[in-house]
Every structure is written in C-alpha cells, then in structure tokens.
Amino acid sequence: MLGGEAFGGVLDVTDSADVDAAVNETVEKYGRLDIMVHIAGGSARIAGPKAKNALLVDQEDYIIDKVLKVNLYGAFYTSRAAARVMMKQGEGGKIINFASAVGLNGLKGAVDYAASKDGVISLTKALAKELGPYKINVNSVAPGVVCRPEVDVSTPEGRAYAYETNLLGEKCTAEDIANLVEFLVSHKARFITGQTYICDGGRSLSMKGTD
C-alpha cells in the first residue's frame, strides 16, 4: 500500500470553467499540482442511451459533437489547466492524456471516436514541445480492448472479446493500463515526453493486409 489521501468531485470535462475550478480546488486543498491524468472518454454511448456507433454518413451531429468534446476538448481543457499551474510552480510536472489504439489505425463505424483519439496523439506531441522548457512531461496512453468487470468470459462472445482481440490471448484489465500510467508519472520516466504508449497486447499490429 502506498498510502496517501484522496478526495472525490464531479466535473464536466467539456466545460473549461468547470475544469479550471476543479484544478483550483485541488491546488487550494493540497497546495500544488504535480500530475494530471485525463481519462474521461468513450465512443458513441457517452452521448446518451440511444446513441450508437454508426458509419459517418449515418451518424448524428449530437453524437459526433459529444464524442469530440469529451475525448478531445476534455484533453485540451485539462492539459491547459494543469499546465498553467505547473508552469507557475516552476518545478515541472506530468500530464497524461488517453488516446486509443483506434486513434492510430482508425475504426469503421467509429470515425468520430478514432478522429478524437488521433487528435489526442497530436496534442501530446505539440504540447510536449511547448512545455518541455518548463520540465513538464506530456505523454499519452493508447489502450486496446480493456475488459470491464461485466464482460462475461463464460460465453463464446465474451471469451472472443476478451482473449481474441490481442496477440497474447490474454484479458486486459484496468490494472494493466494503470501500471503504465504509474510508470509514466514516476521519476523513472523523467526523460520521456511527447510519446504515445500503446498497451493493446499487439492488437494494433494486426492490420488488414499485414498479417
């Protein structure tokens, strides 16, 4: 156990004022900010119970808007809020945003999601250049298929989803992704910035025409 203290709060990452307020609250409570991880995101389902992935020609505006705002705008707003504090502190910092293996290779039926996550990758590279002089590391994490607890691996569909969507034949859990984030925010990663780390069990290597 590492110990420490935490507090919870609710914010809307698509609202820059809300993000700024959450960061300010954290600084007021703890006196500083050293790490920012923006993990909020998702595909069409985050737009509501009736929202579904669809081909771009069939996709509705409100779904595209929501996906872009949460995944990409959220990364912009949280990164900016954190950078302002870290630059003022003058002691460096770590910013981690979540991309996706889909952002690297695209995904039919989820163009909005793929574009937003590829945007996070470009954000990571450009912001690393801006914040490098301030010793602020900016990186992103690109997961593949990560199994939620409700995935029933006792069914053929569940097993295929968990074990056949990667080259290792293993089930990826949230802990696997958290371990990567833990490394990137540690001193061991002090010389790494502007990079996107793929944690997908090799899924992104299996592109059509290359196997």
Side-chain angles (χ1 to χ4, degrees), residues 2-43 46-47 64-100 102-104 112-143 174 177-199:
L2 297 176
E5 178 185 338
F7 80 98
V10 178
L11 73 149
D12 180 357
V13 297
T14 70
D15 184 335
S16 63
D18 211 17
V19 172
D20 290 342
V23 168
N24 291 336
E25 182 183 4
T26 301
V27 174
E28 289 174 6
K29 187 173 181 65
Y30 295 109
R32 60 184 299 107
L33 180 71
D34 299 298
I35 297 169
M36 168 66 81
V37 181
H38 172 252
I39 194 173
S43 54
I46 63 175
I64 296 172
D65 185 62
K66 186 68 172 183
V67 170
L68 289 174
K69 282 186 174 178
V70 173
N71 294 342
L72 186 55
Y73 283 39
F76 269 92
Y77 295 152
T78 54
S79 294
R80 183 176 65 182
R84 286 170 173 168
V85 173
M86 293 174 182
M87 290 167 66
K88 186 176 180 180
Q89 288 173 173
E91 298 177 24
K94 308 279 189 178
I95 295 175
I96 308 291
N97 282 304
F98 267 65
S100 169
V102 168
L104 297 165
D112 43 15
Y113 179 74
S116 68
K117 291 302 186 178
D118 192 33
V120 171
I121 294 172
S122 293
L123 164 65
T124 297
K125 295 175 181 178
L127 191 58
K129 294 181 178 183
E130 292 187 357
L131 299 183
Y134 299 92
K135 313 302 181 189
I136 300 171
N137 303 68
V138 185
N139 292 293
S140 63
V141 172
I177 308 303
N179 288 337
L180 176 55
V181 174
E182 182 182 13
F183 165 70
L184 289 174
V185 300
S186 74
H187 184 69
K188 293 179 180 179
R190 72 173 193 87
F191 208 60
I192 299 172
T193 195
Q195 305 304 308
T196 296
Y197 276 71
I198 306 167
C199 187

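- Remark: side-chain polar atoms of N71 are paired, donor with acceptor, to backbone N or O of G42 under 3.5 angstrom.
- Nearest heavy-atom pair across D18 and D12 is OD2-N, 2.7 Å.
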task: Check the pair V37 / V141 against side chain to side chain contact (heavy atoms under 4.5 Å, CB included), numbers first and verdict last.
output: CA-CA 10 Å; V37 181; V141 172; over 6 Å; no
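- Of all non-hydrogen atoms in M86 and L33, the two that sit nearest each other are CG-O, 3.7 Å.
- Considering CG of L68 and CG of D112, their distance stands at 6.5 Å, rounded to 0.5 Å.
- Taken to the nearest 0.5 Å, the CG atom of L184 stands 10.5 Å off from the CD1 atom of I35.
- Panel note: side chain E25, backbone V23; no donor-acceptor pair is recorded below 3.5 Å.
- Contact record, V19 with A81: CG1-CB, 4.0 Å, taken as the closest heavy-atom pair.
- Nearest approach of M36 to A82, heavy atoms of both residues: CB-CB, 3.6 Å.
- When every heavy atom of N139 is checked against every heavy atom of G194, the shortest pair comes out as OD1-N, 3.3 Å.
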Identify all side-chain donor-acceptor contacts of residues 120-135 below 3.5 Å with residues at least two apart in sequence or on another chain.
unit_1 : atom_1 : unit_2 : atom_2 : d
T124   : OG1    : V120   : O      : 2.9
T124   : OG1    : S140   : OG     : 3.4

field: Steps toward side chain to side chain contact (heavy atoms under 4.5 Å, CB included) verdict (D34, Q89)
entry: CA-CA 9 Å; D34 299 298; Q89 288 173 173; 4.1 Å; yes
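- Residues K117 and V102 have side chains not in contact (no heavy-atom distance under 4.5 Å, counting atoms from C-beta outward).
- The number of heavy-atom neighbours closer than 6.0 Å to CZ of F7, taken from other residues, nucleotides and ligands shown, is above 12.
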- request: Run the numbers on T14 and Y73 for side chain to side chain contact (heavy atoms under 4.5 Å, CB included), then give the verdict.
  value: CA-CA 6 Å; T14 70; Y73 283 39; 5.6 Å; no
message: Show, in sequence, the C-alpha distance, side-chain angles and deciding distance for L11 and Y77, and conclude whether the side chain to side chain contact (heavy atoms under 4.5 Å, CB included) test is met.
response: CA-CA 12 Å; L11 73 149; Y77 295 152; over 6 Å; no
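- The nearest pair of heavy atoms linking P143 to I177 is CB-CD1, 3.8 Å.
- At most 12 heavy atoms of other shown residues, nucleotides or ligands fall within 6.0 angstrom of atom CZ in R190.
- A heavy-atom distance below 4.5 Å is found between the side chains of S79 and N97.
- Taken to the nearest 0.5 Å, the OG atom of S116 stands 11.0 Å off from the CD1 atom of I64.
- The CD1 atom of I96 sits 12.0 Å away from atom CD of E182, with the distance rounded to the nearest 0.5 Å.
- Side-chain N or O atoms of D118 include none that pairs as donor or acceptor with a backbone N or O of A114 at under 3.5 Å.
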